[in-house]
Amino acid sequence: MIVMAEHAGFCFGVKRAIDAISEALAHNPEVWTIGLPIHNPQEVARLEAMGLRVAHDDSEIPSGAKVLIRAHGEPLEVIARLKARGVDVADMTCPFVKKAQDTAEKLSLEGYHVVLLGDKNHPEIKGILGHVSVSGSSEVVADDEEARNIQPRSRIALISQTTQRQERLERVAGILTGKCSELRVFNTICRATSERQDAVRELVRNNKIDGVVLIGGKSSANTGKLRDILEAEGVNVLWVEDVAEAESNSQWFSGKRNIGIAAGASTPEWLIENVKAVVSEMTNS
Ligand code: SF4
């Protein structure tokens, strides 16, 4: 028997951006993104075969080209530079990320010191930071300890990376309360990440599962987190990127009757369906 996790595969923001890239490629011989549009090599290969070009930074994109801003977003200055060079920009920043960007811009213009809770090297955080007004101030904190090191200010606006945990945002808000006379907290956490994490816990807790096939790119951090959760639940995990990897692990299926299937937020539906068909064959053979 195969049991699917209730929430698996593309989140809303990634699906929206990937659909837009596919649509743009249907009407243009080539379309650019800055950085990989998704942490899934099979989906990137599919899009590259249609004409996707991936630039490391905006300076590589030729004038007159078409660029789609991926779901993580970009700093305002990057978009301004592209437009100034005559690049056709379609902004597919996820609306949840856009809300965090707009909040950072508005509150910094109002004079708040913007504190972002998240990973300073993540493109989403770089994009939000890049919306803080030039006259404003901001900093990024990764955890409680870094929040404790913030210098006191009169007014602070706390904004979170969309993938942060609610408990951490609440703890950091508590720490910042003692560092300013006015604190505004914006809960910009998106439920897509926690829904996928809760879904794999429920998958193994509510079903008699002999093992879980986890589908997703090996460089996908959110898929890695699902693997950690499954292993903490004590379940045997087979993490595969594609059909060939599932087929080459036929011995893993030996003696297993009930298989769960889970997938990260960057795994496309077509890949999930292809791997699911192989898993079905393996468990019935
Ligand atoms: S995880 Fe949430 S915020 Fe990030 S792209 Fe997906 S839907 Fe948007």
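First listed ligand is number 1; within each ligand, the first listed atom is number 1. This one's a predicted model, so the numbers in the text were calculated from it and none came from an experiment.
Near C11, with a cut-off below 4.0 Å to any heavy atom, the atoms of ligand 1 are 1 (S), 5 (S), 6 (Fe), 7 (S). Residue C190 approaches ligand 1 through these ligand atoms, each under 4.0 Å from one of its heavy atoms: 1 (S), 2 (Fe), 3 (S), 7 (S).
Between the side chains of S154 and E182, no donor-acceptor pair of N or O atoms lies under 3.5 Å.
Residues M92 and I69 fail the side-chain proximity criterion, which asks for heavy atoms closer than 4.5 Å.
The residue from H7, E202, R165 that alone fulfils the side-chain hydrogen bond (donor to acceptor under 3.5 Å, both in side chains) condition with Q197 is R165.
R155 CZ: more than 12 foreign heavy atoms inside a 6.0 Å radius.
Of all protein heavy atoms, the one closest to atom 7 (S) of ligand 1 is G13 N, 3.4 Å. Protein heavy atom closest to atom 4 (Fe) of ligand 1, with residue, atom name and distance, is T162 OG1, 3.8 Å.
At least one N, O or S atom of C94 sits under 2.8 Å from atom 8 (Fe) of ligand 1.
The pair R205-E233 meets the salt-bridge criterion, since a charged nitrogen lies less than 4.0 angstrom from a carboxylate oxygen.
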